[in-house]
Colleague: 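For reference, the structure I am asking about is given below.
Every heavy atom of this structure was used, including side-chain atoms; hydrogens, water molecules and symmetry mates were not.
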Amino acid sequence: MMYAMDRSSQRTLESPDYKKMTDREHSSSTICSPRLNSSSYSHPVIPNMVVTIGLYNHNGMIGSQILKHLLTRAQQGSIRLVVLHRRTSNTNSIPEHANIEKRVVDLETPDKKLNEKSVKGIHVLISAASNKDRIGRAELVETLASSDDLITFVPTDYGLVWTNYLPKWLNLGFVKGKAMLDERAKSLGINLTNFRSGCQTPWMFTRDHGDFGINVKGNYLIRYGDTMQKRLPITSPAWLGEKVAEIVSSHDPHQLADRSFSLVETWATGNEIKEAFTRIHGKEPAVQEIDEQHFQEKMDKGISESMGAGIWLKWRDNNWEFDGEMINGTRSVEELAREQL
Ligand SMILES: NC(=O)c1ccc[n+]([C@@H]2O[C@H](COP(=O)([O-])OP(=O)(O)OC[C@H]3O[C@@H](n4cnc5c(N)ncnc54)[C@H](OP(=O)(O)O)[C@@H]3O)[C@@H](O)[C@H]2O)c1
């Protein structure tokens with residue numbers, strides 16, 4: 001894709017301390033308000049330019065899916081791809097190609113000079129940083145503030161939206177941390193493009209990740225209030241990665257700035273999940289009724305359990321809060337569940 005590049009923005013290079021915070025500290029702190037630098041600048045219009053897309057954390061569950069599709073597009077010549085990686089990252093999945101570049105970043109130390117050099121020329125930077133990568137995620141935002149080339153930044157989100165929800169979940173370190181980093185990026189004059197996601201299939205169908213209560217192998221699901229009649233948003237990492245790569249590569253980056261996309265591959269009620277499991281196993285799944293005591297116990301446990309309880313509540317209340325443009329896929333809940341057997 002060829003585009004003319006032009007952008008104006010306001011920035012500050014003041015560095016906040018929140019990247020060093022623990023989960024507990026995240027939950028008890030407030031967003032620092034950085035000084036705004038009054039100087040603004042604009043970028044020259046560069047006609048007929050192939051867009052350069054950067055990707056950080058190409059080995060993660062989501063990042064590896066995005067990578068696959070960006071590689072194809074770079075090999076076809078429709079984009080240039082720069083993979084930003086840690087010194088220790090495995091880069092075997094990245095082929096040698098004229099349109100594909102690997103660059104080291106050291107966000108942890110951090111090596112600011114190296115990092116600033118590494119983001120040069122990148123017009124859209126997609127982060128798929130892990131929740132474990134708290135320091136890297138924050139330092140990446142600071143690094144991007146130095147770039148004259150960046151048009152928009154895709155922060156690592158790919159999750160549900162919790163902005164108007166109960167403090168209990170807003171205070172979860174990784175939910176609050178993401179919101180704080182978005183605020184920090186905006187205060188630095190960085191345009192954001194956010195991708196939201198439904199509940200991701202490896203987590204919601206299989207892992208007893210604090211046991212969300214729906215398990216395709218175990219053939220059971222929960223019912224909380226009238227969730228049998230209410231819809232749950234579901235997304236596979238493979239489809240999410242494909243859509244993120246497609247949307248980012250097929251738009252003029254200027255058109256992506258300050259936009260959100262909600263990627264929900266399919267919606268399914270509790271009854272539709274029950275019917276899908278029945279077809280898969282040839283017998284009805286066990287349905288466990290969740291009462292208020294059970295809900296409260298789950299909510300009072302650790303992060304994963306509490307997040308699961310929050311999703312039960314969103315599901316019961318049909319309160320998903322998705323923002324921006326809603327994009328749905330074509331696969332059924334049964335197909336997505338079968339993939340996780
Ligand atoms: N909606 C949902 O249900 C859902 C589910 C899962 C995730 N998500 C979201 O998706 C986003 C990406 O998460 P993910 O699960 O795809 O990531 P991930 O799989 O946890 O990423 C793993 C990679 O992160 C790097 N890494 C691991 N520990 C690190 C550390 N301490 N510091 C720096 N890098 C480290 C490693 O890469 P290298 O060794 O190659 O550097 C590793 O291969 C997150 O924002 C997450 O919240 C949403």
Colleague: Under 3.5 Å, is there a donor-acceptor pair between the side chain of Glu335 and the main chain of Ser332?
Modeller: yes
Colleague: Between Val175 and Met307, which heavy-atom pair has the shortest distance, and what is it?
Modeller: CG2-CE, 3.6 Å
Colleague: Judged by atom type as modelled, is there a donor-acceptor pair below 3.5 Å linking the side chain of Asp133 to the main-chain atoms of Ala129?
Modeller: no
Colleague: Give a yes or no answer on whether the side chain of Ser89 reaches the backbone of His85 with a donor-acceptor pair at less than 3.5 Å.
Modeller: no
Colleague: Is a side-chain N or O of His97 found less than 3.5 angstrom from the main chain of Asn99, in a donor-acceptor match?
Modeller: yes
Colleague: Apply salt bridge (Lys or Arg N to Asp or Glu O under 4.0 Å) to residues Glu116 and Lys120 and explain how you reach the verdict.
Modeller: CA-CA 7 Å; Glu116 287 172 14; Lys120 270 202 185 329; over 6 Å; no
Colleague: Working note: Glu101 + Arg103, criterion salt bridge (Lys or Arg N to Asp or Glu O under 4.0 Å); need CA distance, chi angles, decisive distance, verdict.
Modeller: CA-CA 6 Å; Glu101 212 185 315; Arg103 295 183 194 166; 2.8 Å; yes
Colleague: Do the side chain of His251 and the main chain of Ile247 share a donor and acceptor less than 3.5 angstrom apart?
Modeller: yes
Colleague: Less than 6.0 angstrom from the centroid, inside 45 degrees of the normal: does Lys314 satisfy that with respect to the ring of Trp162?
Modeller: yes
Colleague: Compare all side-chain heavy atoms of Leu70 with those of Leu55 and state whether any distance is below 4.5 angstrom.
Modeller: yes
Colleague: Within a reach of under 6.0 Å around NZ of Lys230, are more than 12 heavy atoms found that belong to other residues, nucleotides or ligands?
Modeller: yes
Colleague: Under 4.0 Å between a Lys/Arg side-chain N and an Asp/Glu carboxylate O for Lys68 and Glu242?
Modeller: no
Colleague: His58 side chain to Ser93 main-chain N or O, any donor-acceptor pair under 3.5 Å?
Modeller: no
Colleague: Let me see the working for Asn194 and Tyr158 under side-chain contact (heavy atoms from CB on, under 4.5 Å), right down to the final yes or no.
Modeller: CA-CA 8 Å; Asn194 276 298; Tyr158 319 110; over 6 Å; no
Colleague: State, without any angle test, whether Thr193 and Thr152 hold a side-chain donor-acceptor pair at a distance under 3.5 Å.
Modeller: yes
Colleague: With a 3.5 Å cut-off and no angle check, do the side chains of Tyr224 and Glu292 form a donor-acceptor pair?
Modeller: yes
Colleague: Under the salt bridge (Lys or Arg N to Asp or Glu O under 4.0 Å) criterion, do Glu142 and Lys112 qualify, and how do the steps go?
Modeller: CA-CA 9 Å; Glu142 302 304 312; Lys112 285 188 181 287; 5.9 Å; no
Colleague: Taking Arg231 first and then Glu272, would you say they form a salt bridge - that is, a charged N and a carboxylate O separated by under 4.0 Å?
Modeller: no
Colleague: Could you go step by step and tell me if Phe205 and Leu341 meet the side-chain contact (heavy atoms from CB on, under 4.5 Å) rule?
Modeller: CA-CA 9 Å; Phe205 278 131; Leu341 279 169; over 6 Å; no
Colleague: From Cys199 SG over to Trp315 CH2, what is the distance, rounded to the nearest 0.5 angstrom?
Modeller: 8.5 Å
Colleague: Ring-plane angle category for Phe261 and Phe195, please: parallel below 30°, perpendicular beyond 60°, tilted otherwise.
Modeller: parallel
Colleague: Within the 3.5 Å criterion, strictly below it, is a donor on Ser249 or Glu246 matched to an acceptor on the partner's side chain?
Modeller: no
Colleague: Between Thr109 and Asp106, does any side-chain donor sit less than 3.5 Å from a side-chain acceptor?
Modeller: yes
Colleague: Of the non-hydrogen atoms in Arg196 and Ser262, which two are nearest, and what is the gap between them?
Modeller: CG-OG, 3.6 Å
Colleague: Between Asn191 and Ala257, is there a donor-acceptor pair closer than 3.5 Å when you use the side chain of the first and the backbone of the second?
Modeller: no
Colleague: Given 3.5 Å as the limit, does a donor-acceptor pair link the side chain of His123 with the main chain of His254, or not?
Modeller: no
Colleague: Looking only at side-chain N and O atoms, does Ser236 offer a donor or acceptor that is under 3.5 Å from a partner on Glu265?
Modeller: yes
Colleague: Pairing donors with acceptors under 3.5 angstrom, does anything connect the side chains of Glu297 and Gln293?
Modeller: yes
Colleague: Apply the test side-chain contact (heavy atoms from CB on, under 4.5 Å) to residues Trp320 and Val161: give CA-CA distance (whole Å), side-chain angles for both, the deciding distance (0.1 Å), then the verdict.
Modeller: CA-CA 7 Å; Trp320 296 108; Val161 187; over 6 Å; no
Colleague: Is a donor on one side and an acceptor on the other found under 3.5 Å between the side chain of Thr227 and the backbone of Arg223?
Modeller: no
Colleague: With a 6.0 Å cut-off on ring centres, are Phe212 and Trp203 close enough?
Modeller: yes
Colleague: Counting distance only, does the side-chain N/O of Ser127 pair as donor-acceptor with the main-chain N or O of Pro155 below 3.5 Å?
Modeller: no
